[in-house]
Each structure stands twice: as structure tokens, then as C-alpha cells.
Enquirer: 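Take this structure, written in C-alpha cells, and hold onto it; I'll ask about it next.
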Amino acid sequence: HYIINEHILPKVTEDITYAMIAKGEYEKVTGAKDGDEGSAAAKSMDGYETLLVKGKADAKCKMNFYKDAVDVRTLSGKELLDYIDGFSEAISPLFAKDLPIYCSEQFLKKYRQADFEINGKYTGELVGNALRFSKFRLVALESMYDSAIVFATPKRNFIELVDYSAAGACINDIQKENYKVKIFGEYSLSVGFAIAEAVFASVPDGYTPSEAVITDPTAYSGKWVNGGAAAAANDEGEGA
């Protein structure tokens, strides 16, 4: 029970959040045989960020893509505020009714900082992170960490399908043999949009969500090294 509840299930949730549900990109496995190792979690499905990127490149896709899209990670200050205002104001009035604009947690922080810098205070937290003089509101998703994308769609249009059993209760068999314990679990997960025409997205060219999946925590910001690397760097400095 300890292994399942404290190690396996939390890791399943972590894989879903950081590798699958937003940034995952499906990779078809060919020639696999019984007993072969399965594909990595990040390659088992297309996440919603990947669906947006692929949709922009698909001439038949009916989703709406902002013509003036830029990488929102590069914005700050008044430029950031003006960009989000322009993005939201361009959305059809048919959908502009308390519409969430989904973004990364990092972007929401930058928006708060920019609003405070320009206007001397940030009051959005009191009204659900609503944009000033607007019915739109920013909704940060943990799975969109460091994303270059922002997109808006009604909450009921942004769907997640879980089959067989929820990921948090996916263990369906435990087999013991001598000192070996085999734990079996199964579930399926997919995400998407019910009505493509109700999606409005700012997707910059050149952004590939699957390349942003965190695989090495120390390399995430480039500001950390493991102990051995730090010691080697110090030795080189002393030698010089």
C-alpha cells in the first residue's frame, strides 16, 4: 500500500500533468511484441497544446488562430498587457461572455507583475484574475508550464475523457510470487475540444510543446548543477 499510494500513483499524476495532458505528442510504435517495453508517457497521446500546434498547420482545422501570435514568454510590462487586450478584444462577441483565457502559471505571474508595474496595483485576484474592463479572465493550468501559447474557449468545450478507471484508482491487480510483487494498472486518457470553432488560440510559429517536457529538473532553468558537476567546475576554476 505504501509503494502504491506514496510512489506509483503520485508518479502517474505527475506524468499526466507534466508530460502528457498538455505537451504530450503521440508516437506510433510499430513492430512491438509481447513483453516489449511500452512507449514513454509523453509519447502515448497528443496533449491539448500539441493539438493546437497541429491544428494551426492543418488547412482543414476549424479552430481560430490569432494572426498576430507571438511567443507570450517574451512579453513583459505594457507590451504584455496590450497583447492580451488585443487578443481578447479580437474574439467574437458571441463567445466573449466570462470566457477563460488559459495560460501557464508563469505567464499569469508575469501578467500580475506587469499590471502592478503599469497601474500601481493588481486587483485581479479579487475578481478571479479578470482582465481590467473585461469579462475575460486568466486561468492558469499547471500542465501548461512555460508555454508559449494562450488560448480561450468555454470551459464546457475543453474536455477530458478518462476511460476504464480514473488514473488515481488505476491499480486493478497485485500478484505476489516469492519475493517479487507485480502491480498491474490500466486506464486511458484523452483531451480535446468538443467544438473546434469555439477555440481561439495564440500559437506562435516554431513552438513544439513536447520539446518543453521536463526530463532533467537541474536543467530546467539552467541555473542548477548536480554535486559532481559543481565540484568539477570549482576544480577547473582553482586550476586556472
Side-chain angles (χ1 to χ4, degrees), residues 1-55 102-106 139-149 155-194 207-235:
H1 282 287
Y2 178 83
I3 292 173
I4 291 173
N5 294 326
E6 301 298 327
H7 291 277
I8 294 178
L9 294 181
K11 181 58 179 174
V12 169
T13 302
E14 181 181 290
D15 283 345
I16 289 173
T17 302
Y18 292 102
M20 296 170 61
I21 199 169
K23 303 183 186 300
E25 183 171 2
Y26 176 68
E27 182 178 286
K28 185 177 182 179
V29 178
T30 58
K33 305 183 296 294
D34 288 344
D36 289 350
E37 183 177 346
S39 60
K43 299 179 180 180
S44 64
M45 66 176 287
D46 279 346
Y48 58 83
E49 283 192 44
T50 300
L51 292 175
L52 292 172
V53 170
K54 289 184 176 181
Y102 296 102
C103 63
S104 69
E105 292 178 327
Q106 292 80 11
V139 177
L141 301 177
E142 188 177 3
S143 53
M144 284 188 74
Y145 59 90
D146 276 353
S147 178
I149 294 172
K155 183 178 180 180
R156 61 184 179 277
N157 193 53
F158 189 14
I159 59 176
E160 174 182 294
L161 300 177
V162 180
D163 297 320
Y164 192 80
S165 61
C170 65
I171 305 300
N172 53 30
D173 192 21
I174 299 175
Q175 298 179 8
K176 295 177 289 183
E177 181 182 358
N178 298 327
Y179 289 102
K180 295 182 179 180
V181 177
K182 295 181 179 180
I183 299 173
F184 298 85
E186 182 178 356
Y187 73 97
S188 62
L189 173 69
S190 61
V191 293
F193 306 99
Y207 174 63
T208 304
S210 61
E211 294 179 354
V213 173
I214 297 175
T215 55
D216 179 4
T218 63
Y220 170 66
S221 63
K223 296 184 179 296
W224 306 93
V225 294
N226 294 127
N234 290 335
D235 290 342

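Here the structure is a predicted model, which is why all the values come from computation and not from measurement. Start at 1 with the first residue, then count along the sequence.
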Enquirer: Tell me whether Q106 contacts the main-chain N or O of D146 through its side chain, where contact means a donor paired with an acceptor under 3.5 Å.
Expert: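 Such a contact is found between Q106 side chain and D146 backbone.
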Enquirer: Do T208 and E25 have side-chain heavy atoms sitting under 4.5 Å apart?
Expert: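 In contact.
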Enquirer: Quick one: pull up CD1 in I16 and CG in L189 and give me the separation to the nearest 0.5 Å.
Expert: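 Reported value, rounded in 0.5 Å steps: 5.5 Å.
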Enquirer: L51 and G192: which non-hydrogen atoms are nearest, and at how many Å?
Expert: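 For L51 and G192, the tightest heavy-atom pair comes out as CD1-CA, 3.9 Å.
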Enquirer: Does any part of the side chain of S188, heavy atoms only, come nearer than 4.5 Å to the side chain of M45, both counted from C-beta?
Expert: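 No, side chains not in contact.
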Enquirer: Can you name the nearest heavy-atom pair linking L141 to F158, along with the distance?
Expert: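 Result for this residue pair: CD1-CE2, 3.9 Å.
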Enquirer: If you compare all heavy atoms of T218 against all heavy atoms of D216, which two are closest, and at what distance to 0.1 Å?
Expert: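 Taking T218 first and D216 second, the nearest heavy atoms are OG1-OD1, 2.7 Å.
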Enquirer: Quick one: closest heavy-atom pair of D46 and V191, and the distance?
Expert: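 Distance-wise, the nearest heavy atoms are O-CG2, 3.8 Å.
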Enquirer: Just so I know, are the side chains of I174 and V181 near enough to count as touching, which here means a heavy-atom distance under 4.5 Å?
Expert: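 Yes, at least one pair of side-chain atoms sits under 4.5 Å.
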Enquirer: Can you find a heavy atom in the side chain of K23 that is under 4.5 Å from one in the side chain of Y18?
Expert: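 With C-beta onward as the side chain, the pair stays apart.
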Enquirer: Between F193 and L52, is there a side-chain heavy-atom distance shorter than 4.5 Å?
Expert: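 Answer yes - side chains close enough.
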Enquirer: Taking the six-membered ring for Trp and the single ring otherwise, decide whether the centroids of Y48 and Y102 are under 6.0 Å apart.
Expert: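 Y48 vs Y102: aromatic centres not under 6.0 Å.
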Enquirer: If I take atom NE2 from residue H1 and atom CD1 from residue I3, how far apart are they, to the nearest 0.5 angstrom?
Expert: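 If I round to the nearest 0.5 Å, the distance is 11.0 Å.
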Enquirer: Would you say that more than 12 heavy atoms from the other residues, nucleotides or ligands in this model lie under 6.0 Å from the CD of E177, or not?
Expert: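 12 or below, so no.
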Enquirer: Could you give the distance from CD1 (I183) to CD1 (I8), rounded to the nearest 0.5 Å?
Expert: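 CD1 of I8 is found 3.5 Å from CD1 of I183.
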Enquirer: State the OG1-CD1 distance between T13 and I21, to the nearest 0.5 angstrom.
Expert: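 Answer for the OG1-CD1 pair, T13 versus I21, is 10.5 Å.
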Enquirer: Enter the distance from I4:CD1 to E6:CD here, rounded to the nearest 0.5 Å.
Expert: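 The CD atom of E6 is 11.0 Å from CD1 of I4, to the nearest 0.5 Å.
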Enquirer: How about K155: does its NZ atom have over 12 heavy atoms from other parts shown lying under 6.0 Å from it?
Expert: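 Incorrect, the count does not exceed 12.
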Enquirer: Do you know which two heavy atoms are closest between E49 and S143, and how far apart they sit?
Expert: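 Shortest heavy-atom separation between E49 and S143 comes out as OE2-O, 4.0 Å.
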Enquirer: Write down the atom of S104, the atom of S147, and the distance for their closest heavy-atom approach.
Expert: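 For S104 and S147, the tightest heavy-atom pair comes out as CB-N, 3.9 Å.
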Enquirer: For the residue pair Y145 and V213, establish whether any side-chain heavy-atom pair is separated by less than 4.5 Å.
Expert: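 Sidechains of V213 and Y145: in contact.
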